[in-house]
Amino acid sequence: MNIFHHIREKVLKALDGLKARGVIPVDADTSRVSIEAPRDPAHGDVTTNAAMVLARPAGMRPRDLAEKIAALLGDDTGLEAVDIAGPGFINMRLSSAFWPRLLDAVMEQGEAYGRSDMGKGEKVNVEYVSANPTGPLHVGHCRGAVFGDALAALLEETGHEVTREYYINDAGAQVDVLARSAFLRYRQALGQDIGEIPAGLYPGEYLIPVGQALAREHGEKLLDMAEEDWLPIVRDFAITAMMDMIRDDLAALNIRHEVFFSERTLHEKGLIEDTLADLRARDLVYMGRLPPPKGKPAEDWEDREQLLFRSSDFGDDIDRPLAKSDGSYTYFAADVAYIRDKLSRGFRQLVYILGADHGGYVKRLQAVNKALSGGNAELIARLCQLVKLYRGGQPVRMSKRAGDFVTLRDVVDEVGPDVVRFMMLTRRNDAPLDFDFEKVTEQSRDNPVFYVQYAHARICSVLRNAAQELGEKAASAAAPDWTLLTDPAEMALIRRIGEYPRVLEAAARAHEPHRVAFYLQELAADFHALWNKGKELPQLRFILPGQMDVSLTRLAFLRAIRYCLANGLRIMGVTPVTEM
RNA sequence: GGCCCCGUAGCUCAGCUGGAUAGAGCAGCGGACUUCUAAUCCGCAGGUCGCAGGUUCGAAUCCUGCCGGGGUCGCCA
């Protein structure tokens with residue numbers, strides 16, 4: 001259950017009552033009415049700004065209007081107190097009968113607590129990673145991978161129908177370079193001396209096994225062929241090998257995409273031509289000239305007429321070219337076809353997780369979506385900033401030598417997927433992130449991964465002990481008497497648990513999965529505080545032999561906290577460990 | 001030069017799309033362990049929210065202009 005939805009209904013009902021009486025204009029906009037938990041618990045459990053937002057349309061002073069709203073809310077038995085404070089806030093304290101209902105609902109939902117139907121089954125496509133199939137994933141891909149995966153889970157948890165998608169850039173010049181690089185390794189596998197890897201080819205050692213596999217499969221027969229003949233063979237072979245490797249890398253992080261979409265299929269199936277025909281029919285393209293790029297010297301700039309998409313009609317800065325000077329299609333042309341394909345599959349939200357270096361690309365993607373969807377779909381881009389690697393406070397030096405970079409696998413192998421996934425969500429996506437190999441495995445307060453998992457493990461530890469100390473009854477699902485939870489530390493935790501569904505919805509709306517990570521740290525802090533309070537005040541402990549009713553209630557309470565932690569951790573893709 | 005992102009405690013960062021006295025952690029100082037896991041907790045101290053205007057009941061948050069940092073700027077992907 002979501003207590004904020006519950007209160008919103010009450011408030012809106014009161015507002016309707018005032019509208020019926022002519023106090024507020026019937027057409028007054030109530031969309032800005034907020035229902036939230038006040039920062040200061042002294043202000044009550046829930047607060048609303050309704051009076052302040054509607055004071056102007058009502059032609060009243062906020063506090064006077066608040067009086068009228070509060071009068072209508074006061075009748076409600078679910079509210080213990082309704083106060084007006086400050087400039088016109090209406091603060092509500094939930095009656096003591098309310099919290100038990102919340103906790104009952106949590107117990108009933110278990111680890112599904114937090115789920116909502118906000119998305120109403122809306123189809124959402126989340127495209128993330130989409131790294132070129134030319135080598136293993138490196139740390140730079142790591143953040144977007146985790147971010148996208150957590151966002152997908154978050155959207156799913158809030159009632160969206162999510163497709164996780166990976167766009168394979170298997171049509172550009174970079175895969176020809178891959179093919180030539182692999183061919184070199186093929187010759188090497190056949191015993192030829194290939195010397196230094198020429199500049200412009202991929203020197204990475206990960207292509208050595210690809211060369212060996214090519215040798216096994218084709219023997220020496222590719223050696224006698226002309227490049228134009230062997231290149232497609234080697235290219236397909238290498239791309240398949242690279243994608244297998246990338247899938248393995250992602251699997252190490254427990255990431256699995258439902259759809260791997262090949263750029264090449266857009267070309268091969270004629271979908272780009274179809275798209276262009278479509279654009280022409282709707283007068284969205286034309287032959288024209290672009291101004292030269294500003295800011296940097298354009299030595300090879302050549303003014304020419306080319307096929308342009310009218311992206312500036314849809315919010316972009318300039319129109320964008322669809323064809324290169326040699327007549328082949330630009331990457332952008334394929335992207336237009338790709339967006340068209342996504343829209344044809346019925347998605348209402350196209351989410352793109354990109355590196356910060358793609359910031360300049362967002363406007364044109366949105367322009368395409370606007371032009372093709374006619375406003376039926378929304379294109380949302382989230383840019384992930386760089387991850388800086390440290391070890392014991394010292395930056396990890398990355399050699400400029402090509403091919404020598406820290407791979408995603410290196411990081412996951414060293415610290416484990418849980419740590420990587422949690423840490424990648426401890427910053428807003430648009431802020432740079434520092435990742436220190438030593439700090440993230442530290443078992444201390446300033447390591448959030450540990451701190452949250454420790455809270456979960458501690459709860460599990462108590463539940464284990466309870467079975468021994470209280471006997472089998474402790475494990476039974478006896479109806480807890482929630483009114484026995486009265487300590488401020490306990491109440492703080494209950495309120496925190498009540499916030500959770502709202503946090504998820506806000507995070508999903510904003511496409512900001514990091515909010516889940518921050519919430520879990522707060523929830524864990526509340527729990528650790530209660531735990532330690534039990535040290536000074538033994539009557540606050542969870543297991544009190546001789547007080548079975550209190551013990552069973554507190555154990556149930558611990559389960560409720562655990563459900564909340566487990567749900568959040570699952571969205572983040574982090575294992576809720578049961579002992580440490 | 002155009003566009004995008006960022007600027008909040010000494011440090012690293014939150015701040016619930018405009019709410020009340022701006023919050024955490026680290027570092028500093030002072031406390032709590034014969035433990036339901038002290039791997040934790042409690043307290044103190046720390047701020048012109050980059051600067052200057054504007055919008056309104058109310059601004060860290062929105063608009064404008066500066067300052068500083070990063071990214072990006074046909075025919076790469």
Side-chain angles (χ1 to χ4, degrees), chain A residues 32 34 36-40 43 47 49 52-53 55-56 61-63 85-89 91 130 132 134 169 171-175 263 289-296 298 300-304 306 308 316-321 323-326 328 330-332 334-335 355-363 383 385-386 426-428 430-432 434 442-448 450-451 454-455 457-459 461-466 469 499 502-503 505-507 509-510 512 514-515 518-519 521-522 525 528-536 538 541-544 551 554 558 579-580:
Chain A
R32 285 186 58 223
S34 70
E36 51 192 58
R39 212 179 292 275
D40 185 350
H43 290 133
T47 186
N49 64 355
M52 294 179 292
V53 172
R56 180 183 288 270
R61 285 189 307 210
R63 288 192 68 111
F89 288 102
N91 295 333
S130 297
N132 285 343
T134 55
N169 298 132
Q174 81 283 1
V175 284
E263 178 190 0
R289 296 171 188 279
L290 285 178
K294 290 174 181 167
K296 71 174 183 186
D300 54 349
W301 167 261
E302 133 194 36
D303 187 27
R304 68 181 183 90
Q306 55 189 339
L308 298 170
D316 199 2
D317 304 315
I318 55 169
D319 293 336
R320 303 292 174 178
K324 304 180 195 172
S325 50
D326 66 0
S328 64
T330 59
Y331 181 81
F332 176 64
D335 243 340
D357 55 342
H358 284 65
Y361 216 71
V362 174
K363 276 190 180 178
L383 306 176
Q385 281 290 341
L386 289 180
T426 54
R427 289 282 177 277
R428 255 190 5 250
D430 47 15
D434 293 343
E442 235 169 54
Q443 304 205 326
S444 71
R445 175 68 178 97
D446 61 333
N447 177 1
F450 164 76
Y451 188 73
Y454 183 40
R458 259 182 161 176
I459 290 172
S461 166
V462 180
L463 295 175
R464 278 192 301 271
N465 292 337
E469 292 192 34
E499 285 172 20
R502 188 174 183 280
V503 169
E505 290 190 352
R509 239 188 290 273
E512 291 184 349
H514 77 274
R515 293 192 196 186
F518 282 91
Y519 170 84
Q521 291 181 65
E522 288 172 348
H528 286 305
L530 174 63
W531 178 287
N532 278 275
K533 218 170 165 184
K535 293 194 170 306
E536 288 183 36
R541 295 184 172 212
F542 303 107
I543 300 172
L544 296 172
S551 298
R554 288 191 178 153
L558 284 180
E579 56 188 317
M580 312 191 78

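Values reported hereafter were calculated over all heavy atoms of this structure, with side chains retained and with hydrogens, waters and symmetry mates removed. In what follows, every chain begins at residue 1, and chains take the letters A, B, ... in the order their sequences are listed.
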Report which part of the nucleic acid [X] touches: base, sugar-phosphate, or nothing (heavy-atom distance under 4.0 Å, all strands).
X: A/Ala457; result: base
X: A/Ala85; result: base
X: A/Gln306; result: base
X: A/Glu579; result: base
X: A/Asn91; result: base
X: A/Pro432; result: sugar-phosphate
X: A/Pro62; result: nothing
X: A/Tyr519; result: nothing
X: A/Asn49; result: base

So which nucleotide from [options] ends up closest to the side chain of [X]?
X: A/Arg32; options: B/G18, B/C26, B/A20; value: B/G18
X: A/Lys363; options: B/C75, B/G15, B/C4; value: B/C4
X: A/Phe518; options: B/G18, B/G25, B/A14; value: B/A14
X: A/Arg39; options: B/C75, B/G23, B/U40; value: B/G23
X: A/His358; options: B/A14, B/C16, B/A77; value: B/A77
X: A/Glu36; options: B/C6, B/U17, B/C41; value: B/U17
X: A/Asp357; options: B/G7, B/G71, B/U17; value: B/G71
X: A/Tyr331; options: B/C57, B/U12, B/A77; value: B/A77

In whole Å, what is the span from the [atom1] atom of [X] to the [atom2] atom of [N]?
X: A/Asp335; N: B/A77; atom1: CG; atom2: C1'; value: 10 Å
X: A/Arg515; N: B/C13; atom1: CZ; atom2: C1'; value: 15 Å
X: A/Leu290; N: B/C3; atom1: CG; atom2: P; value: 18 Å
X: A/Phe450; N: B/G25; atom1: CZ; atom2: P; value: 16 Å
X: A/Arg320; N: B/A77; atom1: CZ; atom2: P; value: 15 Å
X: A/Asp40; N: B/G23; atom1: CG; atom2: P; value: 9 Å
X: A/Lys533; N: B/G43; atom1: NZ; atom2: P; value: 10 Å
X: A/Arg56; N: B/G19; atom1: CZ; atom2: P; value: 18 Å

Using both distances under 3.5 Å as the test, list the Watson-Crick or G-U wobble partner of [N], or none.
N: B/G65; result: B/C51
N: B/C26; result: B/G10
N: B/U72; result: B/G2
N: B/G18; result: none
N: B/U56; result: none

Original post:
Checking only heavy atoms, does the side chain of A/Arg502 share a donor-acceptor pair with the base of B/C16 at less than 3.5 Å?
Top reply: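 Such a pair is found, so the answer is yes.
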Test item: [X] side-chain N/O and [Y] main-chain N/O as donor-acceptor pair under 3.5 Å:
X: A/His528; Y: A/Tyr454; value: no
X: A/Ser551; Y: A/Leu544; value: yes
X: A/Thr330; Y: A/Pro321; value: yes

Original post:
In Å, rounded to the nearest 0.5 Å, how long is the span from CD1 of A/Ile459 to CZ of A/Arg464?
Top reply: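 With rounding to 0.5 Å, CD1 (A/Ile459) is 11.5 Å from CZ (A/Arg464).
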Original post:
When rounded to the nearest 0.5 angstrom, what is the spacing between CZ in A/Arg63 and CE in A/Met52?
Top reply: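 Interatomic distance, A/Arg63 CZ to A/Met52 CE, rounded to 0.5 Å: 10.5 Å.
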Original post:
Can a side chain N or O of A/Lys324 be found less than 4.0 Å away from OP1 or OP2 on B/C76?
Top reply: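 Yes.
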Original post:
Distance check: side-chain N/O of A/His514 vs OP1/OP2 of B/G15, anything under 4.0 Å?
Top reply: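 For B/G15, OP1 or OP2 has a side-chain N or O of A/His514 closer than 4.0 Å.
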Subject >> Electrostatic pair A/Arg428:A/Asp430 at N-O distance under 4.0 angstrom >> reply: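 Here A/Arg428 pairs with A/Asp430 in a salt bridge, since their nearest N and O are under 4.0 Å apart.
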Original post:
Do A/Phe450 and A/Pro448 have side chains that get closer than 4.5 Å, going by heavy atoms?
Top reply: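 Answer no - side chains too far apart.
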